[in-house]
Amino acid sequence: MTAASKNYPKLLAFLQLFYPTLYEKLSLYSDRSDIVGANLISSNNINSYQAVVFSEGMMKDGELFEIYAGNTVLSVYSWDWRWVFAVKIYFQEKMIFPVRFQQKVIALPTGKHPLTKIFFEIIQQEFEDVLEEILKPSMDENTPIRENYCRYLNSASLYL
């Protein structure tokens, strides 16, 4: 099993935490073992996710943020408005999902504050678009979604 395919349950777990509807959609085409793995990860590792956010300006190489996946709302009092154009999601310091999109102005927390569900709600459509690209060949060609995820991960790594 390749390293990329081992990351698929981690992506599913991330989706379960932030985009439950997308998780449900992908789980219909996922192996049972991937779903079990995702359920274990999402229930036991909610503090293991990080994101590198790419924006124009002073952080051209990206800025690392912890991700808060809890249900309690965190109050952030200081925001930095930036043109954001890409995000790489990491689980335990290994990239599991890069997403590049048209620039949009997004308020990022300053200091040591983590990204929360609010950030991911803003880029939900971008996640949906990419996941639709991954899912379509699985539906059309009856190929495993894990395989299409690996292809996407390998190709996205080339340009992001």
Checklist entry - Can you hop from Leu22 to Met139 via hydrophobic side chains spaced under 4.5 Å? => result yes

Next on the checklist: Restricting to ring-ring contact (aromatic ring centres under 6.0 Å, His included), what partner residues turn up for Tyr19, sequence neighbours left out?
Outcome noted: Phe127

Item to check | Interatomic spacing from CD in Gln50 to CG in Asn47 - rounded to 0.5 Å | outcome: 11.0 Å

Checklist entry - Taking atom CD1 of Ile96 and atom CG of Leu15, what is their separation to the nearest 0.5 Å? => result 8.0 Å

What heavy-atom pair brings [X] and [Y] nearest, and what distance separates the two atoms?
X	Y	value
Phe101	Lys104	CE1-CG, 3.9 Å
Leu153	Pro98	CD1-CD, 3.4 Å
Ser42	Leu17	O-CD2, 3.8 Å
Ile35	Leu12	N-CD1, 4.4 Å
Ala38	Tyr23	CB-CE1, 4.3 Å

Item to check | Steps toward ring pair (Phe, Tyr, Trp, His ring centres under 6.0 Å) verdict (Phe97, Tyr152) | outcome: CA-CA 9 Å; Phe97 200 63; Tyr152 171 77; 5.5 Å; yes

Any side-chain heavy-atom pair from [X] and [Y] closer than 4.5 angstrom?
X	Y	value
Ile89	Phe120	yes
Val99	Ile123	no
Pro109	Phe65	yes

Are the side chain of [X] and the backbone of [Y] linked by a donor-acceptor contact shorter than 3.5 Å?
X	Y	answer
Asp34	Ser30	no
Thr116	Tyr68	no
Tyr49	Lys10	yes

Item to check | Among Ile145, Asp31, Ile134, side-chain contact (heavy atoms from CB on, under 4.5 Å) partner for Tyr8 | outcome: Ile145

Next on the checklist: salt bridge (Lys or Arg N to Asp or Glu O under 4.0 Å) for Glu63 and Arg82? Distances and angles first, verdict last.
Outcome noted: CA-CA 12 Å; Glu63 182 176 0; Arg82 294 194 222 152; 2.6 Å; yes

Next on the checklist: Go through it in stages, so that I can follow the logic: the residues are Val53 and Lys88, the test is side-chain contact (heavy atoms from CB on, under 4.5 Å), and I'd like the CA-CA distance, side-chain angles, deciding distance and then a yes or no.
Outcome noted: CA-CA 7 Å; Val53 178; Lys88 287 183 180 179; over 6 Å; no

Checklist entry - Could you walk me through whether Lys25 and Glu132 pass the salt bridge (Lys or Arg N to Asp or Glu O under 4.0 Å) check? => result CA-CA 10 Å; Lys25 190 172 186 179; Glu132 208 46 57; 2.7 Å; yes

Checklist entry - Salt bridge or not for Lys117 and Glu121, using N-O below 4.0 Å? => result no

Checklist entry - Given the rule in the side-chain hydrogen bond (donor to acceptor under 3.5 Å, both in side chains) test, do Asn148 and Ser138 qualify, once you have shown the distances and angles that lead to the verdict? => result CA-CA 7 Å; Asn148 296 321; Ser138 292; 2.6 Å; yes

Item to check | Glu56-Gln103 side chain donor-acceptor pair, cut-off 3.5 Å | outcome: yes

